[in-house]
Amino acid sequence: MTTLNPSLGRLEQYYDAVPRASARAEDLGPFTLFVREPPGWPYYARPAIGWTGPAATAEDVDRVRARQRELGVPEAFEWVAEVTPGLREAVEAAGLRVHAHPLMVREGDLTDRDADLTDRDGADPAGALPGPHPLVRVLGPDDPFLAGALAVPHLAFAAPGTATGPAGPAELAAEIIARADELPAGAERVRAGRTVIAAAVEDGVVLCSGMHLPVGRVSEVVGVGTLPAARRRGLGLAVTAALVADARTRGVDTVFLSAGDEDVARIYARLGFRRVATALIAEPVA
């Protein structure tokens with residue numbers, strides 16, 4: 001059995017735990033399929049924690065995909081390359097396309113057992129976070145800008161990259177209306193402390209937002225997206241810094257994220273995040 005880097009071991013436990021608060025888990029051999037029950041971002045299948053049977057095959061992947069189609073959920077798989085190194089071959093043999101993303105942990109949040117990466121005196125190698133940005137704040141469950149904060153990432157991810165684009169306030173207003181049914185569940189997750197959302201707001205418009213999802217002393221920063229018309233202003237970095245700072249106040253000592261690509265990873269490195277592995281996401285070929 002492969003011995004995991006301690007940091008990756010903690011992340012594997014987190015990946016299995018975080019969807020269970022808002023999804024049903026189905027055991028399908030070497031995979032666990034998470035099926036979201038309230039409206040919101042759909043989940044995925046990932047390698048089952050504690051699986052001791054044979055390695056997953058293309059046939060195992062096909063069985064999960066058949067169940068996903070039966071349920072009407074995306075045929076999506078997520079895993080860490082260094083933890084399950086043989087899975088990519090099986091997934092690609094099943095006809096899925098695999099995307100690789102730098103998996104990053106803020107250096108001050110690596111475990112003490114990673115002795116080569118942690119200062120012996122307890123100092124944070126990542127250094128201090130930048131000060132609060134004047135446009136950025138953490139939102140409560142009844143904040144009037146919560147709906148906009150939930151909608152912005154959808155527009156951002158529909159236009160990937162860091163270049164500015166045409167989608168602006170008008171498109172955001174339409175997206176808020178289209179996703180109105182997701183607001184109650186989103187507000188409830190914020191109220192329960194399962195989701196923390198930060199947003200940059202200017203002139204009554206949410207320009208950028210993101211969230212972190214604390215489970216015990218680990219939290220992942222996810223969904224950081226900037227309205228395409230507002231890009232190239234450093235708002236994504238400011239929102240991420242606010243989320244890391246909030247996580248610290250909640251007793252979180254491991255903060256991690258998956259960067260969209262190497263260019264985005266270099267931006268997150270400015271906040272002290274360091275690449276520790278590769279996150280893989282598989283989906284059908286378009």
Side-chain angles (χ1 to χ4, degrees), residues 14 18 40-41 101-110 124-157 162 169 172 176 183 186-260 263-274:
Y14 174 93
V18 72
W41 289 99
H101 303 275
L103 181 60
M104 309 180 77
V105 174
R106 193 166 183 269
E107 288 190 357
D109 302 319
L110 294 168
D124 185 350
L129 291 166
H133 191 286
L135 299 182
V136 177
R137 70 173 191 268
V138 173
L139 307 183
D142 301 313
D143 194 292
F145 293 109
L146 184 61
L150 292 170
V152 159
H154 293 278
L155 293 174
F157 300 149
T162 59
L172 177 59
I176 290 171
L183 179 58
E188 179 53 34
R189 292 195 300 274
V190 172
R191 185 172 288 108
R194 298 195 303 271
T195 300
V196 179
I197 297 178
V201 182
E202 184 178 56
D203 298 329
V205 177
V206 177
L207 301 181
C208 178
S209 68
M211 62 186 75
H212 77 89
L213 312 173
V215 176
R217 297 177 65 183
V218 181
S219 192
E220 182 181 17
V221 174
V222 299
V224 177
T226 302
L227 198 63
R231 286 173 175 164
R232 299 298 183 95
R233 295 176 54 182
L235 297 177
L237 201 67
V239 165
T240 303
L243 293 168
V244 173
D246 179 88
R248 291 291 202 180
T249 69
R250 297 170 187 266
V252 169
D253 58 21
T254 299
V255 182
F256 74 102
L257 54 80
S258 296
D263 290 337
V264 175
R266 283 189 283 273
I267 295 172
Y268 286 130
R270 290 158 53 189
L271 290 180
F273 284 93
R274 177 189 175 281

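Note that the coordinates shown come from a computational prediction; the quantities given were computed from them, not determined experimentally. Only heavy atoms go into these numbers, but all of them, side chains included; no hydrogens, no water, no symmetry mates.
From Cys208, atom SG reaches atom CD of Glu202 across 12.0 Å, with rounding to the nearest 0.5 Å. Distance CG/Leu257 to OG1/Thr240: 7.0 Å, rounded to 0.5 Å. Taking CG of Leu271 as the reference point, atom CG of Leu237 lies at 4.0 Å (rounded to 0.5 Å).
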- Item | Derivation of the side chain to side chain contact (heavy atoms under 4.5 Å, CB included) call for Thr254 and Tyr14 | CA-CA 10 Å; Thr254 299; Tyr14 174 93; over 6 Å; no
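By the 4.5 Å heavy-atom criterion applied to side chains, Pro169 and Leu227 are counted as neighbours. Counting heavy atoms from C-beta on, the side chains of Pro102 and Val264 never come closer than 4.5 Å. Two residues are said to be in side-chain contact when any heavy atoms from C-beta on lie closer than 4.5 Å; Leu129 and Arg106 meet this criterion. Between Asp263 and Thr162, the closest side-chain pair of non-hydrogen atoms is not below 4.5 Å. Val221 has its side chain within reach of Val255: a pair of non-hydrogen atoms, C-beta onward, lies under 4.5 Å apart. Side-chain contact check for Asp246 versus His212: some heavy-atom pair is nearer than 4.5 Å.
Remark: side-chain polar atoms of Tyr268 are not paired, donor with acceptor, to backbone N or O of Met104 under 3.5 angstrom. Judged by distance alone, the side chain of Ser258 and the main-chain N or O of Leu103 form no donor-acceptor pair under 3.5 Å.
Residues Val252 and Arg217 come closest through the heavy atom pair CG1-O, 3.5 Å. In this structure, Ala242 and Val136 approach most closely via the heavy-atom pair CB-CG1, 3.7 Å. Considering all non-hydrogen atoms of both residues, His101 and Gly260 come closest at ND1-O, 2.9 Å. In plain terms, the two heavy atoms of Ala230 and Leu235 that are nearest each other are O-CD1, 4.1 Å. Taking every heavy atom of both residues into account, Ala156 and Thr226 meet most closely at CB-O, 3.4 Å. Between Ala151 and Ile176 the shortest heavy-atom distance is CB-CG1, 3.9 Å.
Evaluated for a side-chain contact (heavy atoms from CB on, under 4.5 Å) with Ile197, the options Asp143, Leu150, Val239, Val138 yield exactly one hit, Leu150.
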